[in-house]
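Numbers restart at 1 for each chain; the letters A, B, ... are given by sequence-line order, proteins then strands.
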Number of protein chains: 2
Amino acid sequence: MDSKIFNLKSKLEVYKAMTGGGNFADCPVRDVIQGISGKWSSLLVMALADKPYRFGELRRLVPDISQRMLTQTLYDLQRDGYVHREVFPTKPPSVEYSLTDLGRSMFAPLQMLIQWAELNHDAVREARGAFDAASRA
Amino acid sequence: MDSKIFNLKSKLEVYKAMTGGGNFADCPVRDVIQGISGKWSSLLVMALADKPYRFGELRRLVPDISQRMLTQTLYDLQRDGYVHREVFPTKPPSVEYSLTDLGRSMFAPLQMLIQWAELNHDAVREARGAFDAASRA
DNA sequence: TAGCGCTGGTCTCTTTTTGAGACCATAAAC
DNA sequence: GTTTATGGTCTCAAAAAGAGACCAGCGCTA
């Protein structure tokens, strides 16, 4: 195994060995991936990678997130160690959210995916269009 | 801008210009990212990156997915052009799912994230533990 | 001093999404 | 003739998400 990135074949074997059952349940990678694969998580990490933002600023930046989900997603990201939450005792108190070192470290590979998305959204939209046209026929 | 990966500051500006409103709504990256950030999507892409699998095989590989969600997630992945579905006229008919070129191309950056998760799941679990301990106190 | 707005939330209600599991047709194997 | 395997769909319950009212504290303004 000289490649830096293991191919998936061996990954599958590793998981099978780890979980003892030959399947993906309780896979640690799943645990981490699911934490950042929510509807809003990657978007917020992306925003915070730019610079720290306050609650209201994030709300305006992502206008179609509900206040409830913004609160909860930030809470989850904080719990998993990606985001730092700091309250400033102004009147009224303001709260600033920023990425931790772990968060920045995670953003690096996430950015690869974002870049791929940026380069390939035309291909995806085209595939979608073709598929829908075919299923209408 | 000599870096291959643009920093997010400029991304934000680009989106603001594109959407005209200075926010993340209708961002094309969101459109693509949300398609692959479902609970099961990345997991299935990961499995199919190994080799083509049949419906029942995937079901056994990911035992805690419901049949309904497996059907639907595969359908969505097929619609977005990541997965190819082929029916073999055996009795009973068998169906094989495989990654398309687009799917394989997307798996490359996804794998970076998977690798990060693999290397850092301890850090995440530790952060989670510390956070929960602190909030109980 | 009475109203208003701004802060970052929480609470409740409704709608959407997901999960659990029954059901289906076909044909081969037992 | 009963069971087994195929890849689904259908229905109903549970969980998650969205919409929007409400809240407390203070500053501003009229």
Asker: Would you say B/Arg54 places a side-chain N or O within less than 4.0 Å of OP1 or OP2 belonging to D/dG7?
Answerer: yes
Asker: Without decimals, in angstroms, what is the distance between A/Glu86 CD and C/dG9 P?
Answerer: 13 Å
Asker: Given 3.5 Å as the limit, does a donor-acceptor pair link the side chain of A/Thr71 with the main chain of A/Gln67, or not?
Answerer: yes
Asker: Heavy atoms from C-beta onward define the side chain here; which of D/dA5, D/dG8, D/dG18 lies closest to that of B/Pro92?
Answerer: D/dA5
Asker: From the set D/dG8, C/dG8, D/dG18, return the single nucleotide nearest to any side-chain atom of A/Met69.
Answerer: D/dG18
Asker: Between B/Glu57 (CD) and D/dG7 (P), how many Å, whole number?
Answerer: 8 Å
Asker: What nucleotide among C/dG9, D/dT6, D/dA17 has an atom nearest to a side-chain atom of B/Arg60?
Answerer: D/dT6
Asker: To the nearest Å, how far apart are A/Gln72 CD and C/dG8 P?
Answerer: 18 Å
Asker: Using only side-chain N and O atoms of A/Gln67, determine if any of them is under 4.0 Å from OP1 or OP2 of D/dG20.
Answerer: no
Asker: Can a donor-acceptor pair be found, under 3.5 Å and without considering hydrogens, that links the side chain of B/Arg59 to the backbone of B/Leu70?
Answerer: no
Asker: May I ask you to say what A/Tyr97 touches in the nucleic acid, namely base, sugar-phosphate or nothing, with a heavy-atom cut-off under 4.0 Å?
Answerer: sugar-phosphate
Asker: Taking atom C1' of C/dA20 as reference, at what distance in whole Å does atom CG of B/Leu70 sit?
Answerer: 15 Å
Asker: Looking at A/Lys39, does any N or O in its side chain come under 4.0 Å of the phosphate oxygens OP1/OP2 on D/dG18?
Answerer: yes
Asker: For C/dG19, take OP1 and OP2 only and decide whether either is under 4.0 Å from a side-chain N or O of B/Trp40.
Answerer: yes
Asker: Under a 3.5 Å distance rule, please check whether A/Ser135 uses its side chain to pair with a backbone N or O of A/Asp132 as donor and acceptor.
Answerer: yes
Asker: Take the protein atom CD1 of A/Ile65 and the nucleotide atom C1' of C/dG9, then report the distance between them rounded to whole Å.
Answerer: 14 Å
Asker: Starting from the 5' end of DNA chain D, give me the residue, A/Lys91 or A/Arg68, whose nearest nucleotide shows up first.
Answerer: A/Arg68
Asker: Relative to each other, are the rings of A/Tyr75 and B/Phe131 parallel, tilted or perpendicular (30° and 60° limits)?
Answerer: perpendicular
Asker: Can you check the A/Leu74 CG to D/dA17 C1' distance for me, whole Å?
Answerer: 16 Å
Asker: Decide if atom CD of B/Glu126 counts as having more than 12 heavy atoms of other residues, nucleotides or ligands within a radius under 6.0 Å.
Answerer: no
Asker: Which nucleotide in the list D/dG25, C/dA20, C/dG8 gets nearest to the side chain of B/Ser66?
Answerer: C/dA20
Asker: Can you figure out which of C/dG9, D/dG7, C/dT18 approaches the side chain of B/Ser94 most closely?
Answerer: D/dG7
Asker: To the nearest angstrom, how far is A/Tyr75 atom OH from D/dA17 atom P?
Answerer: 15 Å
Asker: Measure the distance from CZ on B/Phe88 to C1' on C/dA27 and round it to the nearest whole Å.
Answerer: 19 Å
